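Computed from a predicted structure; not experimentally measured. Heads up: numbering here begins at 1 and tracks the sequence.
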Amino acid sequence: MTKGQRIAEMRKRKNESQNALSKVLHVSPSTIGMWETDQRAIKDEDLSKLADHFGVTTDYILGRKVDLGNVPVAAHIDGDFEDLTDEELQEINDYIEFKKAQFKKRKENENKD
């Protein structure tokens, strides 16, 4: 999954339009569209704003594995998934990474307080 696809997925999970997200980030709706299709680079400042807005780490948006250090988190696939396609399994793994990124961001914010 590309960073643009991650942005689009998070926006859709939040049931937010490109126009609404553009207002929050103070960019044009076409910029959001170009980010989501990987046609435009994302400035560091905008990357941080996206991470804060969606409650994830910048590493998650960039496609890096989320390192939780020595924090134990149960995030695995359990069950019979023989009927799932490779793409469906990847979606599950992507969602696990998304939840790990949210957890890490929340813990980082708690430690700041």
Side-chain angles (χ1 to χ4, degrees):
M1 185 181 287
T2 68
K3 65 184 164 211
Q5 290 169 327
R6 279 186 191 80
I7 294 166
E9 182 66 29
M10 289 184 295
R11 180 180 58 75
K12 290 173 186 172
R13 279 190 188 129
K14 202 168 181 173
N15 200 26
E16 189 170 42
S17 69
Q18 287 181 345
N19 193 44
L21 180 58
S22 73
K23 288 178 182 177
V24 170
L25 299 178
H26 304 288
V27 298
S28 70
S30 64
T31 296
I32 302 294
M34 288 188 285
W35 288 346
E36 290 184 358
T37 56
D38 297 300
Q39 295 177 354
R40 185 177 203 163
I42 303 172
K43 296 176 185 174
D44 292 345
E45 179 182 329
D46 292 327
L47 182 64
S48 293
K49 288 179 184 178
L50 282 165
D52 290 343
H53 179 71
F54 291 118
V56 298
T57 62
T58 56
D59 279 345
Y60 172 75
I61 295 172
L62 294 172
R64 298 178 180 148
K65 290 287 183 187
V66 178
D67 180 11
L68 296 177
N70 60 2
V71 177
V73 175
H76 62 279
I77 300 173
D78 189 20
D80 183 14
F81 293 105
E82 291 176 7
D83 293 337
L84 294 180
T85 66
D86 288 343
E87 292 80 20
E88 291 168 329
L89 285 172
Q90 186 59 50
E91 284 180 36
I92 292 169
N93 286 319
D94 289 343
Y95 185 71
I96 290 170
E97 285 299 312
F98 169 69
K99 294 308 287 183
K100 285 170 51 180
Q102 282 186 319
F103 176 81
K104 184 173 183 174
K105 183 74 168 193
R106 189 174 66 247
K107 287 297 179 187
E108 287 172 353
N109 287 338
E110 288 173 2
N111 291 334
K112 287 180 186 177
D113 296 338

Query raised in the report: Are any of the side-chain heavy atoms of E9 and E91 separated by less than 4.5 Å?
Result: no
Query raised in the report: Do the side chains of M34 and L25 join up, straight or via other hydrophobic residues, at under 4.5 Å, putting them in one cluster?
Result: no
Query raised in the report: What distance do S48 atom OG and K43 atom NZ have between them, rounded to the nearest 0.5 Å?
Result: 13.0 Å
Query raised in the report: Going by heavy atoms in the side chains, are I32 and P29 under 4.5 Å from each other?
Result: no
Report task. Look up atom CG in N19 and atom OG in S28, then write down how far apart they are to the nearest 0.5 Å. Result -> 10.0 Å
**Report entry** Ring-face cation contact, F98 with R13, 6.0 Å cut, 45° max
**Finding:** yes
Requested in this report: Go through the steps for V24 and E16 under the test side chain to side chain contact (heavy atoms under 4.5 Å, CB included), then give the verdict.
Outcome: CA-CA 11 Å; V24 170; E16 189 170 42; 4.3 Å; yes
**Report entry** Check: R40 side chain, W35 main-chain N or O, donor-acceptor pair, under 3.5 Å
**Finding:** no
Report summary line: Separation between CG (N15) and CZ (R11), nearest 0.5 Å, reads 9.5 Å
**Report entry** Nearest-0.5 Å distance that lies between atom CG in L50 and atom NZ in K3
**Finding:** 11.0 Å
Query raised in the report: Checking side chain to side chain donor-acceptor pair (under 3.5 Å) against R64, which of T58, T57, D59 comes through?
Result: D59
**Report entry** Flag side-chain contact, heavy atom, 4.5 Å: I61 against M10
**Finding:** yes
Query raised in the report: Side-chain donor-acceptor pair under 3.5 Å between E36 and Q18, yes or no?
Result: yes
Query raised in the report: Is it true that the NZ or CZ of R6 lies under 6.0 Å from the centre of Y60's six-membered ring and within 45 degrees of the ring axis?
Result: yes
Query raised in the report: Taking C-beta and beyond as the side chain, do T37 and T2 meet within less than 4.5 Å on heavy atoms?
Result: no
Query raised in the report: Judged by modelled atom types alone, do K105 and Q102 share a side-chain donor-acceptor pair under 3.5 Å?
Result: no
Query raised in the report: Looking at I42 and I7, what are the two nearest heavy atoms and their distance?
Result: CD1-CD1, 3.4 Å
**Report entry** Short side-chain to backbone donor-acceptor contact, K14 and H53, under 3.5 Å
**Finding:** yes
Report task. Show the numbers, then the answer: is there a side chain to side chain contact (heavy atoms under 4.5 Å, CB included) between F54 and K49? Result -> CA-CA 9 Å; F54 291 118; K49 288 179 184 178; over 6 Å; no
